[in-house]
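Read the numbers this way: they start at 1 and go in the same order the structure lists the ligands and their atoms. Quantities reported herein were computed from a predicted structural model and do not represent experimental measurements.
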Amino acid sequence: MKIIKHIGTWQKTRIALSTNKTLGVVMTMGALHQGHLHLIQQSQQDNDYTLTTLFVNPTQFNNQDDLQTYPNTFAEDIILLKKIDVDFVLAPSAKAMYPDDYAYQISEKSLSKILCGRSRPGHFTGVLTVVMKFLQLARANRAYFGEKDYQQFKLIEHMADAFFISTEIICCPTVRDHKGLAYSSRNLRLDAQGRQQAYQFARIIRQYRSMHRVEEKLNSHHIKIDYLQEHFGRRFAAVIINNVRLIDNITLDSFNEANVMENTLNQSVPG
Ligand code: AMP
């Protein structure tokens, strides 16, 4: 595994790769977990080479506290990436990624303004800008993103179309732990009680078809709701637990028979 910190070194390495071999890229902010590993393994299955980026992107944080407390586990991440035999790791400095001091930005006018975009002004401009930079640097055949950040995935997919990017943008399913909680680097910041609340969050949003019921249940567990909305046949939720912002989303056709039954029963109970 080659660990590369300098962009110029990566560019030379990229040029040296044979043109008839394929490259997959997985962009991460580190603090790696099963969700990231799944993306990487998918890339390894589909491509001759896999590049993983480790970069905590400062421009996508609208809150400085959030940036300061974002988990940093670089040494552990490297051990993990070596174990699964990733070919290249690119971990540049913020200065190197923003030689223009963020003078040039990619913004979107519609989808980026709702859900996370509404709660975190400027967030998606930071995300799209850094993803475009990494797409240009990687010149990969395929780039892998998680369904867990579905709004982000859609924005990136549309951006790639809008700018005629030839890299194929691929969405991988959300990876959850045995209690249904979506893996997230931010889960590391939860205390024991917060973790229990996070489990309830994951359970509640997937259990009840009625949004009113979901809201009621989240409130009863003292889980602060940032947003809870349905768009494009999906339910999106963001909550704050222990001062940590957690997001999740599910397709509305993921409700199983038991939930439908529960819903029907609820509807038939007066009051
Ligand atoms: P992050 O390091 O949080 O910026 O995430 C890097 C990539 O991993 C993004 O494409 C995320 O959508 C994806 N990802 C994060 N958590 C999960 C998860 N639990 N399941 C699948 N993909 C994930």
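- The existence of a salt bridge linking K21 and D87 is excluded, since no basic side-chain nitrogen approaches an acidic carboxylate oxygen closer than 4.0 Å.
- Closest to atom 20 (N) of ligand 1, if we only count protein heavy atoms, is V175 N, 2.9 Å.
- By the 30° and 60° cut-offs, the orientation of the rings of F153 relative to Y150 is tilted.
- Under a 4.0 Å heavy-atom criterion, H33 is in contact with ligand 1.
- Scanning all protein heavy atoms for the shortest distance to atom 11 (C) of ligand 1 gives D149 OD2, 3.1 Å.
- The 12-atom threshold is not exceeded at CD of Q193, counting heavy atoms of other residues, nucleotides or ligands nearer than 6.0 Å.
- Proximity of P173 to ligand 1 is established by a heavy-atom distance of less than 4.0 Å.
- For K148, every heavy-atom contact with ligand 1 shorter than 4.0 Å involves the side chain, none the backbone.
- With a 4.5 Å cut-off on side-chain heavy atoms, Q197 and H222 count as touching.
- Under the 30°/60° scheme for interplanar angles, the aromatic rings of Y70 and F61 are found to stand perpendicular.
- Residues D226 and R120 are not paired through a salt bridge, judged by the lack of any N-O separation under 4.0 Å between the basic side chain and the carboxylate.
- Applying the 4.0 Å criterion to heavy atoms of T174 picks out, from ligand 1, the atoms 20 (N), 21 (C).
- Using a 4.5 Å cut-off on side-chain heavy atoms (C-beta onward), I223 and I241 make contact.
- The distance criterion of under 3.5 Å between nitrogen or oxygen atoms is met by M29 with respect to ligand 1.
- Below 4.0 Å from some heavy atom of M27 lie the following atoms of ligand 1, by number and element: 6 (C), 7 (C).
- For H36, a nitrogen or oxygen atom sits less than 3.5 Å from a nitrogen or oxygen atom of ligand 1, counting backbone and side chain alike.
- For the atom pair S210 OG and E215 CD, the distance stands at 9.5 Å (nearest 0.5 Å).
- Considering both main-chain and side-chain atoms, Y183 comes within under 3.5 Å of ligand 1 through a nitrogen or oxygen pair.
- A heavy-atom distance below 4.5 Å is found between the side chains of R189 and D66.
- When heavy-atom distances to ligand 1 are checked against a 4.0 Å cut-off, L39 comes that close only through its side chain, counted from C-beta outward.
- Atoms of ligand 1 found under 4.0 Å from any heavy atom of F145 (numbered from 1 in listed order, with element): 10 (O).
- Atom OH of residue Y49 and atom CG of residue L17 lie 5.5 Å apart, to the nearest 0.5 angstrom.
- The nearest protein atom to atom 10 (O) of ligand 1, hydrogens excluded, is given as G146 N, 3.0 Å; this is a heavy-atom distance.
- In H38, neither the side chain nor the backbone holds a heavy atom less than 4.0 Å from any atom of ligand 1.
- Each of the atoms 2 (O), 6 (C) of ligand 1 lies under 4.0 Å from some heavy atom of T28.
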